[in-house]
Amino acid sequence: MSFRFFFSEAMNSLVRNWVMSMAAIVTVLVSMFILGLGMILFFNFQDAISDLRSKLEIEVFIKNTASQEEIDALGVEIRDMPEVKSVYFVSKEEALQRLRESLKGNEDVLDALSGNPLPPSYQITLNNPDQIEEVASRFFDHPIVDNTPGKDPPDGVKYGGETSDRVLKVTTIFLISGAVFVALLTMASILLISNTIRLSIFARRREVEIMRLVGATNWFIRWPFVIEGVATGIIGATAAALAVLLANYFLVQNVVEKMPFLFSASAVPIFRLTLFVIAGGTLLGAVGSTLALRRFLRI
Amino acid sequence: MINFDHVSKIYEPSIIGLKDVNVHIDRGEFTFLVGHSGSGKSTFIRLLLKEFEPTEGTITVAGRNLQRMRRSTLPYHRRNIGCVFQDFKLLPNKNVAENVAYALRVTGQPIRAIRRKVPEILQLVGLGDKMYNLPDELSAGEQQRVSVARAFVNHPSLLVADEPTGNLDPDTSVGIMQLLYRINRTGTTVLMATHDREMVDKMRKRVIALEDGQIIRDEDKGLYR
């Protein structure tokens with residue numbers, strides 16, 4: 001009903017206690033900026049990691065003695081596995097062709113070979129790279145897989161076992177530590193806003209007492225404080241969002257060219273990130289002031 | 001209007017605020033509550049406002065039992081009681097008009113009504129030309145007039161004044177008294193705690209004297225003594 005009144009009350013208080021308000025705004029600004037920056041890094045790493053992981057594949061080498069029927073049967077078997085995203089058959093000829101390309105300039109080395117010693121193979125990519133080891137192990141004992149006898153683990157199946165393990169571990173650690181860091185920052189911001197509103201309540205203790213005496217309802221007293229907290233959050237977060245936009249711009253401008261393997265311009269959904277930062281700051285303000293009201297404005 | 005039935009208030013630890021007080025005040029009465037500091041005047045008033053609960057007994061204001069009142073309806077109870085205090089209790093950051101308007105805003109009155117009523121009441125208390133001054137730009141007497149205006153602007157059925165002239169010089173006090181008297185003449189019940197001997201003797205109204213939390217005297221057209 002009297003939102004305009006509450007709003008102007010909140011703004012007056014914000015301006016009147018501008019030192020405290022500034023402190024809270026800067027706090028929100030800093031923590032939301034760090035959060036935004038963290039998100040930019042997070043998106044980039046995630047992009048890089050998923051890029052890396054999507055490149056993980058299983059190569060199954062097939063004995064030169066295997067018949068075409070056996071090779072086709074294996075292909076069908078692979079295609080029927082639910083985990084498999086795509087299968088590509090590399091024939092002997094194609095394998096040689098690839099080797100030739102990779103040796104560009106030194107192709108004459110191959111002329112020393114008699115015939116084509118390279119085995120045909122299947123290249124398999126999975127829907128979920130986490131399952132790579134499990135799927136790869138199914139081929140270890142397959143009769144037509146080209147294992148050197150007596151080798152353990154079998155060398156007829158290549159799936160970058162260690163690399164994939166390490167990538168998975170790094171991803172997990174990165175995700176967990178990122179989440180912890182962001183959680184800590186969020187908590188710090190909430191506490192600081194809550195503290196600012198608490199100070200604001202203390203500064204206006206007499207006023208609150210008078211409000212009660214003239215018969216103001218609890219929410220009539222509370223609304224201006226809530227709006228003050230939310231406004232603090234919005235102002236700080238908007239500034240943070242601008243800073244994040246700038247930071248992303250410089251990152252794209254300066255770093256992406258030098259380290260394209262780590263950063264890519266398209267990795268960050270910057271518009272959504274900006275909205276997220278502003279919404280986050282608003283939420284911080286609301287939660288912070290509610291916390292302060294619950295503890296210090298018992299009516 | 002006000003009924004105290006065997007009301008006691010014991011503060012921790014065993015400090016007596018009020019002891020077995022029985023009082024009945026009729027609608028439209030003008031009553032003085034006299035006694036030394038610490039005799040229980042303020043306890044009496046704060047119980048009326050339901051700032052805390054009595055240890056024993058029941059209090060009825062305007063036909064409503066305060067002990068049975070839910071906390072959520074407390075603000076509505078307070079709107080029915082205008083309050084004037086020794087220290088004025090004005091909002092220091094709001095000008096005179098806004099201070100008075102606040103009491104109306106709280107009750108959810110439309111802005112048009114507020115714009116009409118505030119100058120009206122300020123005219124009535126003789127501050128029509130100081131509407132836009134801040135409280136600390138006014139004299140003590142003027143501040144108390146603002147406080148009276150705020151207490152009366154909702155036309156409550158009961159006006160409670162806790163030593164309203166305590167900080168004022170005698171001439172200014174007379175002005176405030178006249179104001180309260182006029183408010184009483186409109187049919188509003190007025191209860192005034194005071195130790196202003198001269199004023200009580202001059203007015204010849206009902207006097208309830210408290211000492212150590214007990215009523216020692218209750219007479220119509222009484223004197224301070």
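The sequence lines fix the lettering, A, B, ..., with proteins before strands; numbering per chain opens at 1.
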About how many Å separate CG of A/Leu213 and CZ of B/Arg150, when rounded to the nearest 0.5 Å? 8.0 Å
Within residues 112-148 of chain B, residues adjacent to chain A where the heavy-atom gap is under 4.5 Å: none
Working to the nearest 0.5 Å, report the span between CD1 of A/Ile210 and NZ of B/Lys94. 10.5 Å
Would the number of heavy atoms belonging to other residues, nucleotides or ligands and lying under 6.0 Å from CZ of B/Phe52 be above 12? yes
Quick check on the interface: out of B/Asn154, B/Asn80, B/Leu90, who has the most heavy-atom pairs with chain A under 4.5 Å? B/Leu90
Tell me whether A/Phe202 at atom CZ has more than 12 heavy atoms from other residues, nucleotides or ligands lying less than 6.0 Å away. yes
Close side-chain approach of B/Glu51 and A/Arg212, heavy atoms under 4.5 Å: no
Can you tell me how far CZ of B/Arg78 sits from OG1 of A/Thr217, rounded to the nearest 0.5 angstrom? 12.0 Å
B/Leu49 versus chain A, the contacting section by heavy-atom distance below 4.5 Å: side chain
Verify the neighbour count for atom CD of A/Glu83: are there more than 12 heavy atoms of other residues, nucleotides or ligands below 6.0 Å? yes
Check the surroundings of atom CZ in A/Arg206: do more than 12 heavy atoms from other residues, nucleotides or ligands lie under 6.0 Å from it? yes
Taking CZ in A/Phe5 as the centre, count heavy atoms belonging to other residues, nucleotides or ligands within less than 6.0 Å. Is the count above 12? yes
Report which part of B/Asn99 has an atom under 4.5 Å of a heavy atom belonging to chain A: side chain, backbone, both, or neither. neither
For A/Met22, does the CE atom have more than 12 heavy-atom neighbours from other residues, nucleotides or ligands under 6.0 Å away? no
Minimum heavy-atom separation for B/Arg105 to A/Phe220, with atom names? O-CE1, 3.5 Å
Can you tell me if B/Tyr11 has over 12 outside heavy atoms packed within less than 6.0 Å of its OH? yes
So with a 6.0 Å cut-off around NE2 of B/His155, is the heavy-atom count from everything else above 12? yes
Tell me, side chain or backbone of B/Leu74 under 4.5 Å from chain A's heavy atoms, or both, or neither? neither
